[in-house]
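Structure, as structure tokens:
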Amino acid sequence: MTIDTSKPILVTGASGYIASWIIKKLLEKGCTVRGTVRDKSNKDRYQHLVDIAGQASGTFEPIQADLMNAGDFDEAAQGCEVIMHTASPFIRSGIKDAEKQLIAPALQGTRNVLEAANKAESVKKVVLTSSVVAIYGDAADLKQTKNGVFTEEYWNETSSPGHQPYAYSKTVAEKEAWKIAEAQDRWKLAVINPSFVLGPSLTNRRDSTSIATMLDFLNGTFKQGVPKVDFGVVDVRNIADAHIEAAFRAQAEGRHIMVGAHSSLKGIAQKIEEAFPKKYKLPKSTINKLMSYLVGPMFGLSWKYVSRNVGKPLKFDNSKSLNNLGIEYIPFKQTVQEHVAQLENDGLVKS
Ligand code: NAP
């Protein structure tokens, strides 16, 4: 199987933090991108992509589509050999109705986009943006692994609509994608499973969870200290490259853990401090487990979350992304430094 890169490429959720980087890189390669947005009349959400296309050799075409509307992606998929499905709600706080806000759009959206792939004879490859949270739910799950490391063979079996609902939404959506992919044999499915994504944004949006989290650090939200929570981190530009490599490398298929570094809430603060000494009111210490139970709810962390995550180690195997996609991970210090610089330049934080 070869991919004809001159054919249009459908990218869902074009306005998003990650999708914007994917589309920029595709446009710079001269590709024609059909990018779906929820509301085409809201040009502010995608004007940056129109501007990038104006400077690049590729072409950008905005298309209106909502994850919850069956059939919305069908026409846009016609003639495409590649579909990249990134759109999915990524919210961690303010969740009142997990089913409505997270699970239904993730699951139904995956069905609608992959049904569009089934209806378009031209489609050869679907790249799905999943997450490492489809592999594990809580750090405590590491104990269930054979060698003390998460690999692509594991599935999150501990999240539910009531506990880690975002992780649950990503898990059921990815499982549904595999079910649909395995029921046909025309197109291959390649899944990208990013850890926590940071790095400069192409827009001055604040409402994307990755960006909002970095702003919380810089604005002093965590200055009293942070719980000892470990996680993987990765640069947004590496995630964009992974989608493109997974699409264009004919043999690339299956899941790909994307972890550039193992870090923690305190680790992010330390990297900001190293790059911008004494500039921001950053957390200098971690709070102990008992304190984490007490103040956890302020961070949106339930007692169950604290018990299954605080103070627990995490380890990921990223070798498949290195060997099969050729990813060269950007050092975490550079990611943080360039992310903060972008937020300063865009006036989102006092420099
Ligand atoms: P983002 O900036 O919030 O982008 C999410 C995108 O999904 C937006 O374009 C949004 O469109 C779209 N969307 C949400 N609900 C929709 C609906 N009902 N219909 C159509 N579009 C809808 O977040 P992101 O960080 O770029 O996330 C992109 C993908 O990466 C998601 O699948 C997320 O789960 C995954 N991911 C992210 C991270 C991370 O750390 N950032 C880590 C692992 C995986 P609007 O602009 O209209 O809201």
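It should be emphasised that the depicted structure is a prediction, and the values quoted were computed from it without experimental measurement.
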Practice task
Measure centre to centre between the rings of F90 and Y166, then say whether the value is under 6.0 Å.
Solution key: yes
Practice task
Before accepting this row, confirm whether a basic side-chain N of the pair R237/E338 lies closer than 4.0 Å to the acidic partner's carboxylate O.
Solution key: yes
Practice task
With rounding to the nearest 0.5 Å, note down the distance linking CD1 in I18 to CG in L202.
Solution key: 12.0 Å
Exercise for the section: Compute whether any side-chain donor of one residue and acceptor of the other, for S321 and Y329, lie under 3.5 angstrom apart. Expected result: yes
Exercise for the section: Show your reasoning for whether salt bridge (Lys or Arg N to Asp or Glu O under 4.0 Å) applies to K279 and E273. Expected result: CA-CA 7 Å; K279 197 166 181 183; E273 187 61 30; over 6 Å; no
Handout entry: Result of checking K125, K320, K188, K124 against E253 for salt bridge (Lys or Arg N to Asp or Glu O under 4.0 Å)
Key = K188
Practice task
Look only at the side chain of R38 and the backbone of Q64, and say whether a donor-acceptor pair between them is shorter than 3.5 Å.
Solution key: no
Handout entry: Donor-acceptor under 3.5 Å (Q101 side chain, I95 main chain)
Key = no
Exercise for the section: Hey, could you give me the NE2/OG1 distance between H163 and T158, rounded to the nearest 0.5 Å? Expected result: 6.0 Å
Handout entry: Partners meeting salt bridge (Lys or Arg N to Asp or Glu O under 4.0 Å) with D72 (sequence neighbours left out)
Key = none
Problem - From OH (Y136) to OG (S195), nearest 0.5 Å - result: 8.0 Å
Exercise for the section: Would you confirm whether the ring centroid of F222 sits within less than 6.0 angstrom of the ring centroid of F217? Expected result: yes
Exercise for the section: Answer yes or no: is there an ion pair linking R255 with D317, defined by an N-O contact shorter than 4.0 Å? Expected result: no
Practice task
Evaluate whether atom CD of Q251 has more than 12 neighbouring non-hydrogen atoms of other residues, nucleotides or ligands under 6.0 angstrom away.
Solution key: yes
Exercise for the section: Tell me yes or no: between the side chains of H339 and D235, is some donor less than 3.5 Å from an acceptor? Expected result: no
Exercise for the section: State whether a side-chain donor-acceptor pair under 3.5 Å links N193 with E152. Expected result: no
Practice task
Measure the shortest side-chain to side-chain distance between F316 and I135 over non-hydrogen atoms and say whether it is less than 4.5 angstrom.
Solution key: no
Problem - salt bridge (Lys or Arg N to Asp or Glu O under 4.0 Å) between R308 and D141, worked out - result: CA-CA 8 Å; R308 293 183 46 80; D141 298 346; 2.5 Å; yes
Practice task
Give the cluster check for L215 versus I272: same hydrophobic cluster or not, with ILVMFWY residues linked at side-chain heavy-atom distances below 4.5 Å.
Solution key: yes
Exercise for the section: Using only heavy-atom distances, determine whether the side chains of Q47 and D51 contain a donor-acceptor pair under 3.5 Å. Expected result: yes
Practice task
Please identify each residue that fulfils side-chain hydrogen bond (donor to acceptor under 3.5 Å, both in side chains) with R34, with sequence neighbours left out.
Solution key: none
Handout entry: Distance (rounded to the nearest 0.5 Å) between L102 CG and R92 CZ
Key = 10.0 Å
Exercise for the section: Show your working on salt bridge (Lys or Arg N to Asp or Glu O under 4.0 Å) between K24 and E28 and close with a plain yes or no. Expected result: CA-CA 6 Å; K24 175 179 159 65; E28 286 168 352; 2.8 Å; yes
Handout entry: Steps toward side chain to side chain donor-acceptor pair (under 3.5 Å) verdict (N219, T221)
Key = CA-CA 6 Å; N219 291 332; T221 307; 5.7 Å; no
Practice task
Answer yes if the side chains of S20 and H48 hold a donor-acceptor pair under 3.5 Å, and no otherwise.
Solution key: yes
Problem - Verdict with supporting geometry, Q78 and D74, side chain to side chain donor-acceptor pair (under 3.5 Å) - result: CA-CA 7 Å; Q78 295 292 324; D74 292 0; over 6 Å; no
Practice task
Might you work through the salt bridge (Lys or Arg N to Asp or Glu O under 4.0 Å) test for E245 and K25, ending with a clear yes or no?
Solution key: CA-CA 11 Å; E245 295 300 327; K25 286 178 179 257; over 6 Å; no
Exercise for the section: Measure the CD1-CD distance between I257 and E153 for me, rounded to the nearest 0.5 Å. Expected result: 9.5 Å
Fill in the blank from the handout: Taken to the nearest 0.5 Å, the spacing of T129 OG1 from M84 CE works out to 9.0 Å
Handout entry: Common cluster, V233/I330, ILVMFWY with side-chain heavy-atom separation under 4.5 Å
Key = no
Practice task
Would you kindly confirm whether V149 and M258 end up in one hydrophobic cluster when ILVMFWY residues are joined by side chain heavy atoms under 4.5 Å apart?
Solution key: no
Exercise for the section: Before giving the answer on side chain to side chain contact (heavy atoms under 4.5 Å, CB included), spell out for I192 and L325 the whole-Å C-alpha distance, their side-chain angles and the decisive distance to 0.1 Å. Expected result: CA-CA 10 Å; I192 305 302; L325 302 180; 4.1 Å; yes
Practice task
State, yes or no, whether a side-chain contact exists between V33 and E61 at a heavy-atom distance under 4.5 Å.
Solution key: no
Problem - Fellow cluster residues of W155, listed by chain then number, with links counted only when side-chain atoms sit under 4.5 Å apart - result: L10, L67, F73, I83, V113, L114, V123, V126, L128, W178, I180, W187, L189, V191
Handout entry: I268 and L198: CA distance, side-chain angles, deciding distance, side chain to side chain contact (heavy atoms under 4.5 Å, CB included) verdict
Key = CA-CA 10 Å; I268 294 178; L198 290 169; 4.0 Å; yes
Handout entry: Transitive ILVMFWY side-chain link L322 to I244, under 4.5 Å
Key = yes
Handout entry: E115 bridged to R111 by N-O distance under 4.0 Å
Key = no
Problem - Heavy atoms from other residues, nucleotides or ligands near CG of D185 exceed 12 (cutoff 6.0 Å) - result: no
Handout entry: Side chain T86, main chain T12, donor-acceptor under 3.5 Å
Key = yes
Practice task
Taking atom types as modelled, find out whether S159 and N156 have a side-chain donor-acceptor pair closer than 3.5 angstrom.
Solution key: yes
